[in-house]
There are 2 protein chains.
Amino acid sequence: MPLPMRKNKGAPLPGPCSLTQCMAVISGAWAPNVIWSLRAGARRFSELRADVPPVSAKVLSTRLQELEARGVLIRNVMPTSPPSVEYSLTDLGRELIPALEAIVEVGHKLKQRQGLASTP
Amino acid sequence: MPLPMRKNKGAPLPGPCSLTQCMAVISGAWAPNVIWSLRAGARRFSELRADVPPVSAKVLSTRLQELEARGVLIRNVMPTSPPSVEYSLTDLGRELIPALEAIVEVGHKLKQRQGLASTP
DNA sequence: CGGAATCCCCAGTGATACTG
DNA sequence: CAGTATCACTGGGGATTCCG
């Protein structure tokens with residue numbers, strides 16, 4: 001079975017854009033977790049910290065800023081007596097959820113398949 | 001490592017497994033690029049190096065070992081005169097492609113949306 | 001409560017050279 | 001061609017502290 005040996009250097013595959021740049025959308029530690037946590041609706045800063053467990057405030061803050069700048073989520077300041085901030089996914093950010101779910105599903109299958117050892 | 005103990009106050013999250021662990025399937029530098037490059041078919045070591053551009057042999061080797069151990073791809077040694085090795089996705093690894101494509105699509109939309117905002 | 005500023009640290013990455 | 005071994009380094013992330 002002869003392989004199609006392609007020699008394209010710059011754009012080897014019909015990819016719409018550089019995968020690396022697109023993956024950067026969910027780059028940074030806990031960024032997927034933040035999106036994952038927001039998939040059920042808006043969450044506040046402390047709620048996100050509780051959801052993602054071992055995330056420091058600094059990193060969470062940085063991540064939220066980055067994700068907001070990327071257009072993945074929006075920041076909503078509630079003018080309450082104790083100031084609170086709500087974060088929620090944009091419509092585009094919401095499109096990432098199926099992707100994450102797909103990865104989760106594969107990770108799930110992979111885990112149980114490894115448990116079965118090698119039995120084809 | 002402490003696993004997330006969610007309290008589900010306002011948002012019940014029916015997560016099948018820890019997202020972090022599932023995301024680990026594509027963790028490591030250039031791992032998504034390797035999968036992406038393999039989505040069109042089997043590739044050899046040097047082809048992958050050419051596809052992924054700035055990846056060192058060491059890292060690519062490490063990544064390939066990890067991805068093989070995770071059951072994402074398989075390694076096939078061809079007994080030719082110049083020894084060559086082919087890598088190709090497993091069926092489970094192939095399931096990651098739609099996920100990556102979804103991310104790419106969102107990244108794409110995000111880019112052109114940002115382009116409209118910043119560069120009229 | 002939310003988050004900005006500061007310091008510290010090490011895992012992961014890259015470059016080079018060597019082997020089969 | 002397909003790796004492995006060694007070393008040095010960077011920057012992303014953690015803990016802490018202070019501000020609005």
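As a basis for the values below, the full set of heavy atoms in this structure was taken, side chains included, without hydrogen atoms, waters or symmetry mates. Proteins come first, then strands; the chains are lettered A, B, ... in the order of their sequence lines, and each starts at number 1.
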Could you check how far [atom1] of [X] sits from [atom2] of [N], rounded to whole Å?
| X | N | atom1 | atom2 | result |
| --- | --- | --- | --- | --- |
| A:Tyr87 | C:dG2 | OH | P | 8 Å |
| A:Leu60 | C:dA4 | CG | P | 11 Å |
| A:Leu67 | C:dG3 | CG | P | 13 Å |
| A:Leu48 | C:dG3 | CG | C1' | 14 Å |

* To do: Check the pair A:Arg75 / A:Glu86 against salt bridge (charged side-chain N to carboxylate O under 4.0 Å, His left out), numbers first and verdict last.
  => CA-CA 6 Å; A:Arg75 183 174 179 240; A:Glu86 265 189 6; over 6 Å; no
* Which letter, B, S or -, goes with each nucleotide of nucleotides 8-20 of chain C from 5' to 3', with contact meaning a protein heavy atom under 4.0 Å? -> -----BBB----B
* Asked: What is the bend of the helix from C:dC1-D:dG20 to C:dG20-D:dC1 when you compare the axis at one end with the axis at the other, using five pairs each and rounding to 10°?
  -> 50°
Please check this pair: side chain of [X] against backbone of [Y], looking for a donor-acceptor N/O pair closer than 3.5 Å.
| X | Y | value |
| --- | --- | --- |
| B:Glu47 | B:Arg44 | yes |
| B:Thr90 | B:Gly71 | yes |
| A:Arg43 | A:Leu48 | no |

For a quick test of your reading: what N or O donor-acceptor pairs under 3.5 Å do the side chains of residues 53-61 of chain B make, sequence neighbours left out?
residue, atom, partner, partner atom, Å
B:Ser56, OG, B:Val59, N, 3.4

* Asked: Does a side-chain N-to-carboxylate-O contact under 4.0 Å join B:Arg113 and A:Asp91?
  -> yes
* Sub-4.5 Å side-chain heavy-atom contact between A:Leu100 and A:Arg39 -> no
* Closest non-hydrogen atom pair, A:Ser27 against A:Ala24 -> OG-O, 2.9 Å
* Has A:Arg44 got a side-chain N or O lying under 4.0 Å from the OP1 or OP2 atom of C:dC1? -> no
* Sequence neighbours left out, what passes salt bridge (Lys or Arg N to Asp or Glu O under 4.0 Å) with B:Glu66? Give chain and number order. => B:Arg63, B:Arg70
* Provide the full list of disulfide bond (SG atoms under 2.5 Å apart) pairs with a residue in residues 19-67 of chain A, sequence neighbours left out, each pair given once. => A:Cys17-A:Cys22
* Asked: Judged by modelled atom types alone, do B:Thr20 and A:Asn33 share a side-chain donor-acceptor pair under 3.5 Å?
  -> yes
* Structure fact -> chain A reaches DNA chain D, atoms under 4.0 Å from its heavy atoms, from D:dG13 to D:dA15
